[in-house]
2 protein chains.
Amino acid sequence: MSRKISESTVRRLSQYLRILEAREARPGATVSSTDLAAEAGTTAAQVRKDLSLFGSFGKRGLGYAAGDLADRLREILGLERVWRVALIGAGRIGSALFEYADFRRRGFDIVAVLDNDPGKIGTEWSGAVEVEDVEGLEVVLQRESVDVVIVAVPASAAQEVSDRAVTAGVRGILNFAPLQLRVPEDVSVQDVNVVTELEALSFDLTHLHATGTD
Amino acid sequence: MSRKISESTVRRLSQYLRILEAREARPGATVSSTDLAAEAGTTAAQVRKDLSLFGSFGKRGLGYAAGDLADRLREILGLERVWRVALIGAGRIGSALFEYADFRRRGFDIVAVLDNDPGKIGTEWSGAVEVEDVEGLEVVLQRESVDVVIVAVPASAAQEVSDRAVTAGVRGILNFAPLQLRVPEDVSVQDVNVVTELEALSFDLTHLHATGTD
DNA sequence: AGGTGTGAACACTTTCACAGCA
DNA sequence: TGCTGTGAAAGTGTTCACACCT
């Protein structure tokens with residue numbers, strides 16, 4: 001069924017879905033590629049190309065049925081199920097993520113939290129999940145049928161934790177550690193690196209200033 | 001001076017720099033494009049292309065002088081100065097970011113924190129910065145000569161806050177709100193969106209499974 | 001030999017422009 | 001007329017392959 005879909009297309013699909021959800025469209029409402037493009041900060045042609053990669057579900061002369069389009073996007077993105085997520089690392093980032101209610105609402109359920117700090121192990125978070133010893137990583141991942149792990153440990157521990165999760169069968173990793181994780185081909189890693197984003201800003205600012213003179 | 005440098009090149013430069021810094025190279029140490037590529041998860045040709053966009057500072061047969069290369073990268077990325085950052089939004093994400101010491105070490109100094117919650121305004125964070133009322137945004141940004149703002153407020157408030165920061169002269173925005181900020185051409189925005197990253201994982205996992213059957 | 005710097009080939013993405021349906 | 005769907009054209013980014021220096 002699937003051609004090769006680019007990373008950027010997937011990112012935009014996620015964005016389109018968020019836009020549609022924010023509108024909580026009344027039944028029957030329609031949306032055009034021009035609409036979506038304006039809000040997503042891209043072009044109408046881009047929106048149509050992205051969507052047409054998965055079939056043609058627009059009506060010529062009208063646009064897309066907003067509700068149907070949202071459903072279709074959820075289906076394409078694999079969001080019709082609940083993903084079971086384990087959070088590895090109960091530090092600042094970990095706890096901020098855990099408290100971020102949007103995950104749960106969007107189908108990512110944090111079913112386990114692990115850390116190696118004895119002061120944290122055994123404590124209960126939000127009266128729901130107990131922090132467990134990362135020592136027992138494999139057991140926890142299996143017991144909870146975890147699909148995805150969030151790596152929120154220091155860089156020095158990240159590769160080991162990732163290796164163990166992969167060995168335990170995990171195929172998706174959201175990585176907050178500032179290094180490139182080495183994983184087998186069939187494992188998908190997404191990186192979040194705020195320092196890199198800031199450095200990209202720094203680059204832009206430094207070189208934007210130069211635009212006038214060059 | 002500057003040709004058009006792609007977003008992806010800049011991201012990789014940041015990564016190369018981090019790799020070099022992690023090695024705390026002894027003076028005189030050298031590093032080859034093959035080395036860097038292996039650790040960064042890219043190809044040697046890519047590394048050389050990226051670096052050659054800014055001049056030729058490698059030695060044929062030898063590689064790059066690690067220390068010099070790191071210096072050059074910092075210069076290219078505009079990291080030879082300290083960037084003054086204001087954090088708008090003192091919620092979960094905001095506080096996690098504030099506590100993340102790496103920023104300061106890397107030249108991003110959070111000089112102001114703003115929020116609209118009366119319970120937070122006036123409190124001191126890390127005995128260093130006092131949370132101020134977002135009401136006075138413009139005054140604070142000017143007083144502190146802020147270069148970059150981090151937008152960590154709910155989506156509903158993000159565009160307004162961004163507009164006000166831009167009007168006050170800010171040219172760089174790190175955006176954590178899940179929407180596309182509208183800004184003038186000469187303002188650079190970098191987005192961090194964890195939900196999109198998770199949805200990209202969800203997409204990959206859903207479609208990797210299919211590879212066998214298709 | 002070993003490893004850089006780079007034009008030229010290739011692959012991928014975005015934009016254009018228009019045929020075709022509601 | 002209005003707006004989608006899509007081949008073809010244009011534009012960007014990556015990989016190849018090799019001349020050249022140490």
Side-chain angles (χ1 to χ4, degrees), chain A residues 1-16 19-20 25 28-70 72-73 76 180 196 200 203-204 207, chain B residues 2-16 19-20 25 28-70 72-73 76 180 200 203-204 207:
Chain A
M1 157 198 169
S2 47
R3 265 161 249 64
K4 243 280 279 335
I5 305 298
S6 78
E7 190 64 24
S8 20
T9 293
V10 175
R11 292 277 227 301
R12 283 191 300 266
L13 294 178
S14 162
Q15 207 181 351
Y16 303 154
I19 290 169
L20 292 172
T30 116
V31 64
S32 71
S33 56
T34 316
D35 269 6
L36 273 178
E39 197 153 344
T42 180
T43 66
Q46 183 71 81
V47 172
R48 295 200 300 276
K49 242 302 152 25
D50 286 340
L51 297 179
S52 75
L53 293 170
F54 299 91
S56 24
F57 30 92
K59 295 247 184 301
R60 305 186 186 217
L62 265 170
Y64 304 85
D68 292 0
L69 180 55
R72 195 78 183 78
L73 286 172
I76 291 166
Q180 192 65 28
T196 289
F203 178 89
D204 287 354
H207 296 265
Chain B
S2 48
R3 267 159 247 66
K4 244 278 275 336
I5 305 299
S6 78
E7 190 66 22
S8 18
T9 292
V10 175
R11 291 278 228 298
R12 283 190 300 264
L13 294 177
S14 162
Q15 208 182 349
Y16 303 154
I19 289 167
L20 291 171
T30 116
V31 63
S32 72
S33 55
T34 316
D35 270 6
L36 274 178
E39 198 154 343
T42 178
T43 67
Q46 182 72 80
V47 172
R48 294 201 300 277
K49 231 330 163 319
D50 287 339
L51 297 179
S52 76
L53 293 171
F54 300 91
S56 23
F57 30 93
K59 295 246 185 300
R60 304 184 187 218
L62 266 170
Y64 305 85
D68 293 359
L69 181 54
R72 194 78 184 77
L73 286 172
I76 291 166
Q180 191 67 27
F203 178 89
D204 287 354
H207 295 265

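The sequence lines fix the lettering, A, B, ..., with proteins before strands; numbering per chain opens at 1.
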With respect to the phosphate group of [N], does any side-chain polar atom (N or O) of [X] fall under 4.0 Å of OP1 or OP2?
| X | N | value |
| --- | --- | --- |
| A:Y64 | D:dG2 | no |
| A:T43 | C:dT15 | yes |
| B:S6 | D:dT12 | no |
| A:Q46 | C:dT15 | yes |
| A:S32 | D:dC3 | no |

Would you kindly compare A:G61 and A:A45 by the position of their nearest DNA chain C nucleotide and give the one closer to the 5′ end?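 Closest to the 5' end, via its nearest nucleotide, is A:A45.
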How many whole angstroms separate atom [atom1] of [X] from atom [atom2] of [N]?
| X | N | atom1 | atom2 | value |
| --- | --- | --- | --- | --- |
| A:L51 | D:dC3 | CG | C1' | 13 Å |
| A:L13 | C:dT13 | CG | P | 13 Å |
| B:E7 | C:dT14 | CD | P | 13 Å |
| B:L53 | D:dG13 | CG | P | 10 Å |
| B:I5 | D:dT14 | CD1 | P | 12 Å |
| B:D50 | C:dT4 | CG | P | 13 Å |
| A:L62 | D:dT1 | CG | C1' | 12 Å |
| B:K4 | D:dG13 | NZ | C1' | 11 Å |

Quiz item: B:K49 side-chain donor-acceptor pair to D:dT15 base, under 3.5 Å: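 In this structure, the two groups form a donor-acceptor pair.
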Once you round to the nearest 0.5 Å, how far does [atom1] of [X] lie from [atom2] of [Y]?
| X | Y | atom1 | atom2 | answer |
| --- | --- | --- | --- | --- |
| B:L53 | B:T9 | CG | OG1 | 5.5 Å |
| B:R72 | B:L20 | CZ | CG | 14.0 Å |
| A:F203 | A:T196 | CZ | OG1 | 13.5 Å |
| B:R12 | B:L51 | CZ | CG | 10.0 Å |

Are side-chain heavy atoms of A:L36 and A:L69 found at a separation under 4.5 Å?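 A side-chain contact under 4.5 Å exists here.
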So what does B:S33 hit on the nucleic acid, given a heavy-atom distance under 4.0 Å: a base, only sugar-phosphate, or nothing?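 Touches sugar-phosphate only.
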Just compare [options] and give me whichever is closest to any side-chain atom of [X].
| X | options | answer |
| --- | --- | --- |
| B:R48 | C:dG5, D:dT4, D:dG13 | C:dG5 |
| A:S52 | C:dC16, D:dG13, D:dG5 | D:dG5 |
| B:R12 | C:dG7, D:dT14, D:dG7 | D:dT14 |
| A:R60 | C:dG5, D:dC16, C:dC21 | C:dC21 |

